[in-house]
Amino acid sequence: MTSPLEQTLKLPCGAELPNRLCKAAMTEQIAKPGEHLPHAGHQRLYKAWGKSGCGVLLTGNVIIDRQHLESPGNVVIDAEPDEHQLAALKAWAEAGQSDGAKMWMQISHAGRQTPKNVNAEPLAPSAVPLGLPGDNFGKPRAMTETDIRKVIEGFARCARVAKAAGFDGVQVHAAHGYLLSQFLNPRANIREDEWGGPLENRARLLLAVVFAVRAAVGDDFPVSVKLNSADFQKGGFSFEECRQVVKWLSELKVDLLEISGGNYEQPKLLGIDGLERAEKEPVRESTKAREAYFVDYAGEVRGVANMPVMATGGFRSKVAMEEALEAGLADMIGIGAPLCTDPQGPAKMLAGETDGVESYAKTLRLGPGFMGPQSKVGMIKMINALGQMAWNYMAILAISEGRKPARSRGLLSLYMAHQKRLKEQAAALNKG
Ligand SMILES: Cc1cc2nc3c(=O)[nH]c(=O)nc-3n(C[C@H](O)[C@H](O)[C@H](O)COP(=O)(O)O)c2cc1C
């Protein structure tokens, strides 16, 4: 019997997806700072992921404003591309498509989560800085009405360029504490105008962006939204609010809703809690697919959504993925970190060679017990998480350079090496 993971999926816009697996968006951080274009490394990376067995490949976040990067090595589309730039984007799309996968571009603006060495005074809904230790993020400036209009135009332009470059779809990133997610979050958005306050106002920017993106690409082109189930923070965007936003999104033409959760302060997307205690969000715990962090939220959202729903976060075993589909909790399964460990992991799973996918990064730790990822000390927990992420970034770099990700490095040295690389990229950016 064929696996439900291998069934095609017809989207509301009419496009058909080859199967139910999607490579989740993972920032590549390999573009030349200042240039921000995809290059041969991106092509190598997406050629490798093109053989992943995932029917859809979401790119890492492509940024609509070079002043608001998630990282200095991001791809940026913040103007009409010239011939050279369009050719680079086309080559990127083609690389991912070479074995039949669909290439979708994720579009974002980092807002207050822009690193300080990129922009010390980034735009955000309000002048509320991130509540994180260290000095990595600046104090944001509250956006004016003109700034907001520019963001809406920026998302729409980027989507239009993605389509012109041959991408098969786009995704609006409204999760993980980036700009659109900041607008939804009452802790980050304390505006008193029509863009802040009640949920209807906080959701206005996301809805305006989705509307503009749809208008830019036409009715028959896949448009997806990535949304938090919740921020899991006291006073943050709640699951109840998420359900309401999904109802509003259902009135627009959205083809796939991806459910995730958390932000830099509360990195639930990585399956961990931040320095503050995670706010509990009531949800019926239905499933055996418990390894997946947000699948029960996705299931409840699916009840109010009129578009297919994708659950991303923590999926590792084929059984859990199939159960999520069979139990009607999700229509698609997103997989992230395991594709850094083995770019062909899901294909091997579909072929019956393995029972699931593996995330090597998750096995790394600062030390045993108290020094590990489950440490009671918040800082230690965070360093473990950042070190694990550093391994993923190094693995992406390795694959983009045609190397096999090395498995042997200690977590702390990985963390330091990644920090050094980010610093060098930021220095190159500021010099250029
Ligand atoms: C290296 C790395 C980079 C990521 N970059 C992005 C990104 O650019 N955009 C995004 O929406 N999520 C990003 N994520 C989050 C993933 O899309 C996904 O939501 C998360 O990793 C949980 O899925 P997983 O448990 O299968 O890894 C990233 C995750 C990793 C591991």
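Note that the numbering runs from 1 along the sequence shown for the chain. Order of listing sets the numbers, starting from 1, for every ligand and every atom in it. Since this is a predicted model, take the numbers as computed values, not measurements.
- What sits closest to atom 4 (C) of ligand 1 on the protein, heavy atoms only, is M26 CA, 3.4 Å.
- With L269, N392, I335 as candidates, the residue nearest to atom 20 (C) of ligand 1 on a non-hydrogen basis is L269.
- Assignment of F315 to the shell around ligand 1 is not supported, since no heavy atom sits closer than 4.0 Å.
- Under the 4.0 angstrom criterion for non-hydrogen atoms, A175 is not in contact with ligand 1.
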**Request:** Check step by step if ring-ring contact (aromatic ring centres under 6.0 Å, His included) holds for F315 and F294.
**Result:** CA-CA 10 Å; F315 277 107; F294 305 115; over 10 Å; no
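- Not a single N or O atom of A24, backbone or side chain, sits closer than 3.5 Å to an N or O atom of ligand 1.
- No heavy atom of Q171 sits closer than 4.0 Å to any atom of ligand 1.
- Considering each of C22, G313, A361, A337, the one bringing a non-hydrogen atom nearest atom 21 (O) of ligand 1 is A337.
- None of L180, V62, I63 except one satisfies the side-chain contact (heavy atoms from CB on, under 4.5 Å) rule with S108; the exception is I63.
- The protein heavy-atom contact nearest to atom 5 (N) of ligand 1 is T27 N, 2.9 Å.
- Between D255 and R214, at least one side-chain N (NZ, or NE/NH1/NH2) sits under 4.0 Å from a carboxylate O, which counts as a salt bridge.
- With a 4.0 Å heavy-atom cut-off, ligand 1 is reached by no atom of K362.
- One finds a salt bridge joining E276 and R187 here, because a Lys/Arg side-chain nitrogen approaches an Asp/Glu carboxylate oxygen to under 4.0 Å.
- Side-chain contact check for Q233 and E265: at least one donor-acceptor pair (N or O, by modelled atom type) lies under 3.5 Å.
- Among H173, M394, M389, the residue whose heavy atom lies closest to atom 10 (C) of ligand 1 is H173.
- With hydrogens left out, the protein atom closest to atom 9 (N) of ligand 1 is Q106 OE1, 2.8 Å, a heavy atom.
- Note that the OG1 atom of T114 and the CZ atom of F137 stand 8.5 Å from one another [nearest 0.5 Å].
- Nearest protein heavy-atom contact of atom 18 (C) of ligand 1 is T312 CG2, 3.7 Å.
- For the side-chain contact (heavy atoms from CB on, under 4.5 Å) criterion with R302, the lone passing option out of L329, V309, V246 is V309.
- When only modelled atom types and interatomic distance are considered, E70 and Q29 share a side-chain donor-acceptor pair under 3.5 Å.
- In this pair, H418 and Y393 present their aromatic rings parallel. The plane angle is below 30°, not in the 30 to 60° band.
- For atom 13 (C) of ligand 1, the closest non-hydrogen atom of the protein is A25 O, 2.9 Å.
- Set against the non-hydrogen atoms of N61, the atoms of ligand 1 under 4.0 Å away are 8 (O).
- Contacts of E70 with ligand 1, taken as heavy-atom pairs under 4.0 Å, are absent altogether.
- Residue, atom and distance of the protein heavy atom nearest to atom 19 (O) of ligand 1 are K226 NZ, 3.2 Å.
- Ring centroid separation for the pair F239 and F232 does not come in under the 6.0 Å cut-off.
- Classified by interplanar angle (parallel below 30°, tilted 30° to 60°, perpendicular above 60°), the ring pair W92/H42 is perpendicular.
- Of the protein's non-hydrogen atoms, the one nearest atom 26 (O) of ligand 1 is G336 N, 2.8 Å.
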